[in-house]
Amino acid sequence: MGTWLIAWFVIGIVSTIAVLACLTALIRHLMVLGRTARRMQEELAPVVREIAEDGQRASARASGLGSRR
């Protein structure tokens, strides 16, 4: 084997390891992001529900005011 072939083989292995490390880090970050989004949704659900109920009450009240005229 020539030295060029060994050099390209080493470069290929190092590049493959680097790409796999980046892919692993990306997957890990996506999992953390998914957990954070799920937790945020769970924490905000009661607030969103309350705002929706307030909006429905305001809409009902506004339609009640319109029917009085």
Side-chain angles (χ1 to χ4, degrees):
M1 268 203 257
T3 55
W4 286 105
L5 186 59
I6 293 172
W8 279 110
F9 186 69
V10 170
I11 290 172
I13 288 175
V14 170
S15 298
T16 302
I17 291 172
V19 169
L20 289 176
C22 289
L23 185 62
T24 303
L26 177 64
I27 291 171
R28 188 171 174 223
H29 283 289
L30 286 174
M31 291 175 65
V32 169
L33 180 65
R35 282 192 298 258
T36 304
R38 190 176 329 118
R39 188 174 357 161
M40 185 180 78
Q41 184 179 10
E42 290 171 357
E43 290 178 3
L44 290 179
V47 176
V48 170
R49 193 176 316 116
E50 183 180 335
I51 291 172
E53 290 171 356
D54 288 346
Q56 288 175 348
R57 272 189 254 127
S59 176
R61 191 178 202 187
S63 66
L65 290 175
S67 65
R68 287 185 191 172
R69 291 182 183 181

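Worth knowing before you read on, the calculation uses all heavy atoms, side chains too, and leaves out hydrogens, waters and symmetry mates.
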Residues 10-20 side chain polar contacts: donor-acceptor under 3.5 Å, at least two apart:
from  : atom 1 : to    : atom 2 : distance (Å)
Ser15 : OG     : Ile11 : O      : 2.8
Thr16 : OG1    : Gly12 : O      : 2.8

Output all residues satisfying side chain to side chain donor-acceptor pair (under 3.5 Å) with Arg57, sequence neighbours left out; order by chain, then residue number. Asp54
Show the atom names and distances, to 0.1 Å, of all donor-acceptor pairs under 3.5 Å that link a side chain in residues 25-47 to residues at least two apart or in another chain.
from  : atom 1 : to    : atom 2 : distance (Å)
Thr36 : OG1    : Val32 : O      : 2.9

